[in-house]
Every structure is written in C-alpha cells, then in structure tokens.
Amino acid sequence: MNQILTLVAPVFGLIGLGWFVARTRLLPESTAIGVSDFVATLAIPALIFRTLSEGSVPEASPWSYWAAYFLGVAIVWLLAMALARRLFEASGTETVICGFSAAQSNTVQLGVPLIVMVFGEPGALPMFLLIAVHLPIIMLAAAIMFSRANGEGRGFGIVATLRALATNPIIIAIVLGGIVRIAHIPLPGLVVDIVGQLAVAAAPVTLVAMGMAVARYGLRGNLGPTTVMTVFKLVVHPFVTWILAFHVFAMPPVFAAVAVTFAALPTGINAYLVAIRYRSGEALASNAISLTTLVSVVTITFWLWFIGAAPV
C-alpha cells in the first residue's frame, strides 16, 4: 500500500496543482484551454504513437480482455440510466448522460499516465489495446442512444460522430503507430527525437491540464444524481470488471489488472463535451467529472491495492 501511495500521490498532486493554478487564476482560462489543446493534439498522440510503434504485437487475441471491460461498461451504463429515470425522473437524454458519465472513464488524461507509472512497460500493450477501441465504441454508443432518445431515425448524429473520430489526433496516432510497428517502417532520427520530447511531456502536462479542467467545470447542484453516478463509476464499474476480468474471462494477470484500473478511473471530460453537443445534462456531466475525480484519490488507491498491483 505504501508503494502504491507513493506512485498515486504525484499523479493527484499534479492534478491538484492544475486545480490550484486555475482557481487562483495564476494562469488565465485561455491558458487552460491552450494547455488542454496541446495535450489532446500533440502530447498524448505523441506518447501513443511512440509506444505503439515501438511496442510488441499481441500474440493472442485480446477479445476476452475487451469483453471483460466493455461488458462491464454496458452493465453499468444501463443500470445508471435505469436508476436515473426511476429515482430522479430524468428525461431521455439526461438518462443517457447519466449512463455515459457512470461508464465512460478518463482513459487518456488520467489513465495513460497512471498506467505508465504503476505498471510500466508490461502495462503499455493492454493500455493501448483498450484506448484503441475505447473512444470509438463509447462515442458511437452515445450517438446511437442520443438518436433514439431524441427520436431521430436518420443517423445524422452517428455520421457526425464517425467524421469526428476520423479526424481525432488520438485515433490518427493509434492508426499510424500500428502501421509503423506492423510494417516495420524505420523512422528518421529527427522524427524519433521530436516525438520522444513530446511524449516525455505528456504525463505531467496532461495531469495539470486535467486539474485546470476540473476547476473550470466545477459542481453545479444535482448532488443526488451525481452521487449515484459517482458510486457507479468508482465502485460498481471496477467491481463488475474485476469479476469479469479475474473470474469469468481468461487473460494474462496484467491485462486483468489494467482492465480494472481503467474501470476505476473517474469520469472523462468527454462526458461534458457530449452533453454540450446534445444540449442536455451539462450540469450532471460537470458534476460527475469533478466529484469522481476528487473521490478517486481514495478509490483508485484502494483498487490498485485490492488487485495487488505491483509498482514498477
């Protein structure tokens, strides 16, 4: 536990630093937006590209790994939607936001640096195998559910989502990194150096940017639904994934541990972006991001200890 705390403390310390800088206005809000754009457009894609292009191709099919994680996502998403409708009489689109916020993890901004710090090189492959499909699957599922909730039968939301995914820097980095690795394409030294410098900056800058974002979103009431979403995201989701990854599906131990760690992550900022796009549940998504990030300081530490994560 002491070893895990030693690793987790700097992660949330950097998030806290970002929150402090934003709240005290040491840096203007425009800087926070710029830092987030740098992370999403350059730093994280560079880290993903470097790791994938230099990593190994999995010898076995990762279907059981994906099944354990995404079956957990589906269970939590549907349960959270049902409770939001029954307990809080949420509208159709609001229930989708509740489900999305309870099941969608902050895999990039928090997941990437945390997995790298805790599991090191052994965790890199399962980490990017999940990231490679997480964003497309989650965003497409949200688009389909919002289309159904809004009574739209023409799929325009799905088409727009596919177009956005095709131009997403993270998706592009995943595709290019995979091509370079599989085709054994040699990269010029200058390219390797530039990508490496950006990749080094990815983890600390991303965590500070996340703290600044949490300060910007804040809490906006609706604490009842927010508490339910927080419990589902930080307790139910990792518990269901733990059962599936460790006791139902067969996979290497490090894959199972990474799956549970991803499930234990707080709600990702995509929840708020989706809420803004569909003009529904903005306050719910903002609350989920802020509260789950705060509470995850304790719950992530617990889950890493529970699954016996071995710091590297």
Side-chain angles (χ1 to χ4, degrees), residues 1-9 11-12 15 51 58 60-80 99-135 137-138 203 207 229-268 270-271 288 292-312:
M1 175 63 80
N2 288 335
Q3 289 179 306
I4 292 174
L5 285 171
T6 300
L7 286 172
V8 172
V11 171
F12 287 99
I15 294 173
T51 304
S61 172
W63 288 111
S64 61
Y65 170 61
W66 285 333
Y69 182 80
F70 286 107
L71 184 56
V73 168
I75 291 171
V76 170
W77 193 324
L78 294 175
L79 286 176
F100 187 94
S101 300
Q104 183 258 343
S105 296
N106 194 337
T107 55
V108 174
Q109 282 194 306
L110 182 54
V112 169
L114 181 66
I115 297 295
V116 168
M117 290 179 182
V118 174
F119 297 98
E121 184 62 29
L125 179 58
M127 173 175 66
F128 288 116
L129 280 175
L130 185 56
I131 289 178
V133 297
H134 182 268
L135 184 62
I137 289 176
I138 292 294
L207 293 171
M229 287 187 289
T230 299
V231 171
F232 268 91
K233 185 71 211 69
L234 302 180
V235 179
V236 179
H237 191 186
F239 178 70
V240 171
T241 305
W242 171 74
I243 293 175
L244 295 171
F246 280 90
H247 301 286
V248 176
F249 296 98
M251 67 190 73
V254 68
F255 277 62
V258 169
V260 174
T261 304
F262 268 123
L265 295 172
T267 303
N270 278 330
T292 57
T293 301
L294 177 64
V295 177
S296 68
V297 176
V298 175
T299 55
I300 286 179
T301 304
F302 166 78
W303 283 111
L304 289 174
W305 167 82
F306 183 77
I307 63 178
V312 297

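Numbering starts at 1 and runs along the sequence shown.
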What are the two closest heavy atoms between Ala257 and Phe246, and how far apart are they?
-> N-CZ, 3.9 Å
Evaluate side chain to side chain contact (heavy atoms under 4.5 Å, CB included) for Leu110 paired with Thr293, printing each intermediate quantity in order.
-> CA-CA 10 Å; Leu110 182 54; Thr293 301; 5.8 Å; no
Test item: Lys233 side-chain N/O and Leu265 main-chain N/O as donor-acceptor pair under 3.5 Å | yes
To the nearest 0.5 angstrom, please state how far the OH atom of Tyr65 sits from the CG atom of Leu244.
-> 13.5 Å
Can you tell if the side chain of Trp303 reaches within under 4.5 Å of the side chain of Leu234, non-hydrogen atoms only?
-> no
If we only count heavy atoms from C-beta on, is the Met127 to Thr261 side-chain gap below 4.5 Å?
-> no
How about Pro126 and Phe262: do any of their side-chain heavy atoms sit closer than 4.5 Å?
-> no
Nearest heavy atoms of Leu129 and Pro62, plus distance in Å | CD1-CB, 4.0 Å
So do the side chains of Val248 and Ser64 get within less than 4.5 Å of each other, counting heavy atoms only?
-> no
Closest heavy-atom contact between Ala271 and Gln104?
-> N-OE1, 3.8 Å
Closest approach of Phe12 to Ile300 (non-hydrogen atoms, all atoms of both residues) | CZ-CD1, 3.8 Å
Do Thr292 and Asn106 come within less than 4.5 Å of each other through their side chains, counting heavy atoms only?
-> no
Intermediate values then yes/no, side chain to side chain contact (heavy atoms under 4.5 Å, CB included), Trp66 and Ile137 = CA-CA 11 Å; Trp66 285 333; Ile137 289 176; over 6 Å; no
Any side-chain heavy atom of Thr267 sitting closer than 4.5 Å to one from Phe100?
-> no
dist Ser296:OG -> Leu114:CG (nearest 0.5 Å) comes out at 9.0 Å
All heavy atoms of Ile138 vs all of Trp77, minimum pair found to be O-CH2, 4.0 Å
Ring pair (Phe, Tyr, Trp, His ring centres under 6.0 Å) partner of Trp242, the single match among Phe306, Phe249, Phe302 | Phe306
What closest approach, in Å, do Pro122 and Val254 show between heavy atoms, and which atom pair accounts for it?
-> O-CG2, 3.8 Å
Report the C-alpha separation of Leu130 and Phe70 in whole Å, then their side-chain angles, then the decisive distance to 0.1 Å, and conclude whether the side chain to side chain contact (heavy atoms under 4.5 Å, CB included) test is met.
-> CA-CA 10 Å; Leu130 185 56; Phe70 286 107; 3.7 Å; yes
Report the C-alpha separation of Leu304 and Val118 in whole Å, then their side-chain angles, then the decisive distance to 0.1 Å, and conclude whether the side chain to side chain contact (heavy atoms under 4.5 Å, CB included) test is met.
-> CA-CA 9 Å; Leu304 289 174; Val118 174; 4.1 Å; yes
Applying side chain to side chain contact (heavy atoms under 4.5 Å, CB included) to Ala263 and not counting sequence neighbours gives Tyr69, His237, Pro238, Thr241
